Structure formats: structure tokens, C-alpha cells
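The sequence lines fix the lettering, A, B, ..., with proteins before strands; numbering per chain opens at 1. This structure is a prediction, so every number in the text was calculated from the model and none was measured. The figures that follow rest on heavy atoms only: side chains count, while hydrogens, waters and symmetry mates do not.
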Amino acid sequence: MSVAFGAGALIRAAFARARHERRAALLPFLVAGDPDPLQSRERMLAASAGGADVIEVGFGYSDPVADGPIIAAASQRALAAGMTFERTLALVREVKSHLARTPLVAFVYYNLLFAYGVEQAAHACAAAGFSGILSPDVPLEEADDLIAACARLGLAVPLLVAPTTTPHRAAAIARAATGFVYLVSRMGVTGHHRAADEDACERVRGLRQHTETPIVIGFGVAPGPRLARLAACADGIVVGSLLIERAAQAPNPPAAIEAIRTTCATLASYCGPAMDSKAVTCLRRVDPAPSSGGSPTHGGTEASQAESG
Amino acid sequence: MEPDAKGYFGRYGGRYVPEVLVEPLREVEAAMREAFADDEFWRRYRGLLRDYVGRPTPLTPVPSLRRRAGEALIALKREDCNHTGAHKILNAVGQALLAQRMGKSRLIAETGAGQHGVAVATAGAALGVPVEVYMGAADVERQALNVYLMRLLGARVHEVTSGSRTLKDAINEALRDWAGSARETFYVIGSVVGPHPYPWLVRSFVRIIGDEARAQCLETFGRLPDHVVACVGGGSNAIGIFSAFLEDGQVNLWGVEAGGSDAARLGYHSASLAAGRTGILHGARTLVLMDEHGLIAPTHSVSAGLDYPAVGPEHAYLKETGRVRYVSIHDDDTLKAFRMTARATGIVAALESAHAIAYALRLAAELDASRLILVNLSGRGEKDALRLAGAAHHAQEAAR
């Protein structure tokens with residue numbers, strides 16, 4: 001059952017827009033406060049400028065058990081920079097003042113919500129401008145409190161489906177998820193060095209029988225023909241580790257911000273309509289071209305630029 | 001008491017894991033239920049305990065272990081006499097047998113001080129299953145002897161450099177491995193912690209400690225003990241001995257946590273039951289040491305085996321019901337008990353177990369000689385003696 005009003009509506013609008021443009025939505029994931037609050041804000045704005053339809057905002061946590069080394073390291077950098085639950089909300093409030101139309105989804109380990117009080121945490125997230133809360137260590141059986149708290153506020157609660165999830169269970173998850181269903185493309189933790197499984201698309205098709213909610217694919221996402229194939233079958237693509245690694249490897253803060261923007265634009269170019277292999281090759285050559293984009297604007301424009309390139 | 005269908009002991013327990021691990025945990029639960037209903041499984045388990053681990057372990061009355069004449073009598077359940085020197089092998093062998101029954105071809109484990117890692121490496125070697133162990137880099141440095149032993153036994157040891165580089169991070173890393181490998185891999189968790197069904201699974205393999213001790217008390221003393229004392233980190237040896245006495249209302253049960261250097265300051269102790277808040281760690285809702293922002297707190301204890309920021313969910317439940325009382329003992333009192341036990345009894349107890357002995361000595365001083373205190377001596381202390389002697393450096397050289 002989808003949310004009829006409130007903050008979650010932004011997510012529906014974002015997917016509807018992408019669907020209207022016959023492309024998969026791009027959902028970049030960044031850790032709030034990595035490597036510090038100021039740069040983190042700029043990176044989120046850059047992700048939007050690069051074509052983000054929805055931004056997943058990770059909360060720094062001491063024990064990010066679902067994450068691979070790249071996101072875990074980003075989480076540690078955020079904590080070292082003094083990020084807390086409250087500071088993450090403050091940062092999101094600020095980002096949100098620049099990105100009224102872009103829905104932000106909180107990606108937050110359950111202990112942080114639990115320690116704050118699930119009900120209060122959901123309130124605080126809604127007040128900060130979040131459109132949904134995704135908690136990676138809350139499976140369906142433990143999600144009642146979170147779903148109830150969020151439903152009252154119009155916040156979406158996306159849930160995950162993994163390669164190990166049985167079809168029966170996947171159907172139940174797909175029916176309970178709001179905002180989007182997050183299909184984990186392969187076994188393991190987050191990271192782009194191990195590629196998504198090719199059978200992810202088959203699983204997406206299976207899920208569609210049970211839900212109208214958009215289905216996004218994440219884990220193991222990197223530019224390439226495989227991404228184009230995944231994007232062709234899904235409603236959205238989540239990418240985190242690749243972005244974070246590119247930014248972390250940049251020689252200085254402005255380059256890191258630019259890396260986020262260009263990488264998002266490249267990824268968005270693979271999410272376009274009716275992508276064939278020729279177009280992919282063509283776009284890849286265009287990829288490193290410097291952009292004239294100055295102040296960050298809402299996503300979508302960058303993506304269509306890349307498509308036309 | 002069994003946990004409910006969702007794996008809760010009262011309000012504690014459950015299964016807070018990434019979706020990818022839900023099905024593997026269900027498989028473990030299904031296999032466990034099936035194995036537990038099969039007499040042949042238990043015959044094999046008990047056969048290994050008798051012929052390989054060396055059970056039953058003795059119950060040793062130690063009248064010399066008292067500060068003054070006329071104090072209560074202490075009896076030690078000698079889990080130090082197990083093969084590999086601690087109760088950990090009971091769980092390692094049990095889970096390895098279950099893994100084999102499930103057709104898993106690889107075992108992974110976490111370890112803090114290295115005792116559980118050595119136990120799993122041992123079980124793997126005995127049953128012919130390859131073992132990989134995750135160990136925090138800080139612990140690898142501190143516990144060179146056990147690193148050497150694990151490698152000697154054929155296990156691969158992965159040094160974990162994420163987070164605080166200790167036990168909790170080793171568990172995180174093992175869970176990450178399992179998220180990618182569950183189809184062929186069995187995760188042998190080392191205590192009554194983690195997502196359902198692990199707290200229940202582990203308890204089922206360690207409860208033989210209590211079953212034996214209860215029968216031995218009846219046989220030796222013609223009665224049940226007045227008090228049962230065990231140390232609590234994750235809490236497996238304590239659950240092991242308490243399980244047999246939960247229904248005996250007249251038996252007082254005491255869990256002893258690590259008070260560290262300062263039991264009142266977060267970061268200086270490991271007393272999750274005394275100072276923790278309800279939270280989520282390693283897949284379970286339980287009492288957790290965390291800061292005001294919900295981040296898992298650093299911990300300290302002189303004994304690496306108790307140095308853990310949470311506790312098995314059943315302990316949180318037993319605290320809430322009041323059936324078990326939980327107390328803490330500081331590092332310095334632990335070291336005193338460690339030395340005193342060695343001189344008075346000829347037994348070198350693990351520092352973990354020395355916490356329990358220290359509290360038992362306090363209890364004994366308040367009780368008369370007609371009273372009986374049963375202490376679970378969960379493991380032997382050679383590993384600690386080596387460290388205390390400052391000889392860790394030499395072992396580290398040998399491990400290279």
C-alpha cells in the first residue's frame with residue numbers, strides 16, 4: 001500500500017517523472033558528513049546536479065554490518081568528523097533547502113533509530129525533510145514498529161529483497177514496502193568491485209507480479225553494458241560505493257565534488273531509454289568531458305544532456 | 001525456556017539482520033530443530049564430548065579456597081579440563097556437526113581472545129572441514145599464542161582492521177563474509193549472542209555444563225548448591241551452567257560481568273547488563289553499551305573474553321525476570337582472585353573465570369560453612385599467565 005500524501009509523495013513523483021522519461025531513476029547513496037559536513041552537503045548537491053532522482057543519505061554508524069569496506073570507511077570518516085544522528089538531520093535540513101523536489105531517503109542502521117526511539121526518530125526524520133527511512137538490518141518480521149511510525153507521517157519504508165529471499169517471502173516484502181522495493185543484485189555486502197548478478201532482472205520481473213511499487217536494483221553497480229541492462233528492467237538504480245570511492249580518490253575537495261557530479265551523470269546516461277550497445281559505447285567516450293554546470297540545480301537536466309551526448 | 005517463534009526471550013532476541021541473512025538463519029533453525037529431534041545427532045555429539053573433548057569434567061570442592069575458616073564451601077565445575085582448555089569447544093563441536101549435517105563445506109568464526117577461534121579450528125581439524133577465523137587486529141597483536149595455534153590447526157586467520165579492531169568488529173566481518181557465502185558456509189558464532197536461532201543453538205550445546213554439575217552436586221554433596229556463580233561476557237558459560245538450575249527456585253544464580261577499571265564510566269568496563277540500554281547489536285535486541293547517540297561504545301576488561309559491548313538476549317531476559325542477579329567485579333579484584341586460586345588450589349583459572357571466583361569469595365565470606373557455592377570455572381588461565389608474565393612478545397615472534 002503506497003502513501004497517499006506527505007513526504008513519501010515526492011518519491012512517487014520522482015519515479016513517475018523517470019518513468020515518463022522512459023528511463024530508470026538514479027539513486028545515489030552518500031554518507032552524511034563524509035568527509036565533513038560542508039563537503040558532504042556539496043557532494044549531495046553535486047549528485048543532484050549529476051542527475052540524482054532520489055538521494056539515499058547514510059547515517060554514520062559504528063557497526064555498519066551490511067556494508068562493504070568502502071561505505072564502512074565513509075561511515076568512519078563521518079563519525080570522525082563528529083557526525084551524530086542529530087547532526088545528520090541538521091545537514092539534511094540544509095541540503096533540503098536547496099533540493100525541494102529531490103526526495104531524500106534515510107539509510108540508517110536500526111540501533112540508531114532504536115536508541116532515539118523509533119517513533120521520535122521517524123518524527124525527526126520527517127521534520128528534517130526526509131521522504132522515507134530504509135533500515136538495512138530490519139527484515140520484514142521486525143519492521144512493524146518502523147512501518148507504523150512512518151505510515152503516520154507519510155514517510156516511505158523501502159524494504160530489501162536479497163538473492164536468498166524465497167519467492168513467497170519476496171512477494172510479502174514487495175507488498176509491504178513503500179516508496180520502492182530495493183532488490184539486492186547479488187550475495188554479499190555493498191561494493192562495486194563485485195558485479196551485480198545478471199539474473200537480477202529476472203527477479204525484478206518476478207516481483208512485478210506482486211506490486212506496483214517501483215523496484216530498484218543496488219549492490220555491485222558500475223558503469224557498463226551490464227548497468228544498461230539492469231536499468232532497462234528496473235525502475236531505478238542505486239549506486240553508493242563507486243561514488244564514494246571516486247570522491248575519496250580525488251586529489252582535493254573540489255575534484256571530489258566534481259567526481260560525484262560526473263560519475264552520477266555517467267551513471268544516469270546508462271539509465272536512459274532504449275539503450276543499445278552502440279549507444280553505450282558512444283556515451284562512454286563522452287563521459288570524461290568537462291561540464292559547464294556551475295551551481296547545482298535539480299537533477300534530470302544533466303542526465304538528459306548525457307543522453308543527448 | 002525456549003525462545004518464542006520469532007526468537008525472543010521476553011522482549012529480547014529476534015533477528016535484526018540484513019535481508020540476505022534471513023533465509024540462511026531460517027535454514028540453520030530448521031536444521032537445528034531437525035537435528036535436535038534426532039537421537040543419532042545427540043549420540044554423535046555426546047560421543048565426541050566423551051572420546052575427544054574428555055567429558056564429563058570434574059566437580060572439584062576446594063575447601064582451601066576461602067579467606068577464613070568457617071566460610072561457605074566453594075566447588076569448581078572444571079571446564080578448564082575440556083580439550084583446548086575451555087567450555088568453548090562444546091559449542092564449536094556441536095555447531096560443526098550441525099554444519100556437516102547441513103552439507104556446508106566451510107566454517108567461519110569470529111574470535112576475541114582467540115579461545116573460540118582455537119575451538120573452531122580444532123573442531124574443523126577433527127571433522128575435516130576448512131575453517132576461517134576473523135579476529136580484530138588489536139586482538140591479533142595481544143593474543144599471538146592463539147593466532148599461532150589456529151594456524152597450526154590449519155585455520156586461516158583474517159585480521160580485521162575495521163572499526164575498533166576488536167571482537168565486535170570481528171563479528172561484523174564474519175557476518176559480512178556470511179552474507180556473501182551462506183550457500184556453502186556455516187557461521188559458527190562463539191557465544192549465546194547474535195540473531196535467532198544462535199542464542200538458543202549455542203545454549204543447547206553448553207547446557208551440558210549445568211546438567212553435569214547439577215548431577216555431580218547431588219552425588220557429591222547430596223544436595224543442590226545454594227549459589228551458582230559464572231562470569232558473563234556474551235554469556236555462554238553462564239547460560240550453560242544456569243540452564244540446569246533455572247527451575248530450582250532455592251538456588252541463587254549470579255552472573256558476574258567485567259567491571260574493568262571503572263564500572264561507572266562508559267568505555268572502562270564491559271558490564272552491559274549493569275550499564276547497558278536496550279538496543280540492537282549483532283542481530284539481537286539486547287542490553288548494549290552505547291553512547292548517547294546510539295553508537296556502540298568501546299569496552300575494557302583485563303580479560304579479553306569478557307570484553308564485549310552487549311550480552312546474550314537470554315541474560316537480558318533473566319535479569320528482567322530477576323531469576324539471575326548480575327554483578328560486576330573490577331580488574332584488580334579479578335587479578336587477586338586469579339593469584340589466590342592458583343596458590344590455594346593448584347588451578348590456574350582463566351581471568352574470565354577469576355571474575356566469578358572473586359565474587360564467590362565475597363559471597364562465601366557472608367555465609368557459613370554449611371553453604372555450598374558452585375562456580376563455573378569456564379577455562380584455564382595459561383593464556384593469561386603468558387600475558388601477565390610479559391611473554392606475549394616471544395610468542396609473537398614464534399607465530400611469525
Side-chain angles (χ1 to χ4, degrees), chain A residues 59-69 72-73 75-76 79 82-88 108-118 121 135-145 159-166 169-170 173 181-191 194 219, chain B residues 5-8 13-27 160-165 168-185 194-196 276-286 288-298 309-310:
Chain A
F59 284 58
Y61 187 52
S62 50
D63 297 79
V65 75
D67 286 303
S75 198
Q76 281 185 19
L79 294 179
M83 292 307 287
T84 60
F85 190 82
E86 258 113 10
R87 284 181 187 165
T88 300
V108 52
Y109 283 91
Y110 199 50
N111 192 54
L112 292 176
L113 299 173
F114 198 86
Y116 203 88
V118 174
S135 194
D137 53 349
V138 178
L140 183 63
E141 290 76 6
E142 304 290 359
D144 290 353
D145 291 351
L159 297 171
L160 290 96
V161 172
T164 49
T165 309
T166 58
R169 183 179 161 77
I173 292 170
V181 181
Y182 188 142
L183 186 115
V184 176
S185 74
R186 56 156 173 73
M187 297 288 284
V189 291
T190 56
R194 217 173 116 197
F219 283 44
Chain B
K6 284 174 75 180
Y8 281 86
R15 190 177 275 168
Y16 294 86
V17 293
E19 172 61 25
V20 67
L21 289 178
V22 170
E23 196 54 31
L25 286 164
R26 285 181 165 187
E27 282 171 21
V160 176
T161 54
S162 59
S164 61
R165 307 159 78 236
K168 82 173 173 69
D169 309 286
I171 297 179
N172 290 341
E173 215 52 48
L175 286 168
R176 287 175 183 130
D177 179 315
W178 205 37
S181 66
R183 285 181 180 128
E184 74 280 357
T185 299
H196 178 58
R277 287 193 288 147
T278 307
I280 311 290
L281 184 65
H282 298 140
R285 178 192 293 195
T286 184
V288 181
L289 292 171
M290 56 177 130
D291 69 12
E292 69 271 31
H293 304 294
L295 301 173
I296 306 307

Query - chain B contact via A/Arg186 - side chain, backbone, both or neither, heavy atoms under 4.5 Å - result: neither
Query - Side chain / backbone / both / neither for B/Arg176 at chain A, heavy atoms under 4.5 Å - result: both
Report summary line: Under 4.5 Å to a heavy atom of chain B? For A/Pro69 that would be neither
Query raised in the report: Which bit of B/Thr278 is near chain A, if near means a heavy-atom gap under 4.5 Å: side chain, backbone, both or neither?
Result: both
Requested in this report: Check whether any side-chain heavy atom of A/Asp137 sits under 4.5 Å from a side-chain heavy atom of B/Val17, and report yes or no.
Outcome: no
Report summary line: So, the part of B/Leu281 with a heavy atom under 4.5 Å from chain A: the answer is side chain
Report summary line: Bottom line for A/Phe114: the part with an atom under 4.5 Å from chain B's heavy atoms is side chain
Report summary line: Under 4.5 Å to a heavy atom of chain B? For A/Glu141 that would be both
**Report entry** Under-4.0 Å salt bridge between B/Glu19 and A/Arg169
**Finding:** yes
Report task. Scan A/Val138, A/Leu112, A/Asn111 and name whichever one has a side-chain contact (heavy atoms from CB on, under 4.5 Å) with B/Ile280. Result -> A/Asn111
**Report entry** Contacting region of B/Val22 [heavy-atom separation from chain A under 4.5 Å]
**Finding:** side chain
Query raised in the report: Please walk me through it: do A/Asp63 and B/Lys168 pass side chain to side chain contact (heavy atoms under 4.5 Å, CB included)?
Result: CA-CA 8 Å; A/Asp63 297 79; B/Lys168 82 173 173 69; 2.9 Å; yes
**Report entry** B/Leu295 side chain reached by A/Leu79 side chain, heavy atoms, under 4.5 Å
**Finding:** yes
Report summary line: Okay, B/Pro195 and chain A: the region with an atom under 4.5 Å from a heavy atom over there is neither
Requested in this report: Determine, step by step, whether A/Glu142 and B/Tyr16 satisfy the side chain to side chain contact (heavy atoms under 4.5 Å, CB included) criterion, reporting the C-alpha distance in whole Å, the side-chain angles of both residues, the deciding distance to 0.1 Å, and the verdict.
Outcome: CA-CA 7 Å; A/Glu142 304 290 359; B/Tyr16 294 86; 3.2 Å; yes
Query - Interface moiety of A/Pro136 toward chain B, non-hydrogen atoms closer than 4.5 Å - result: backbone
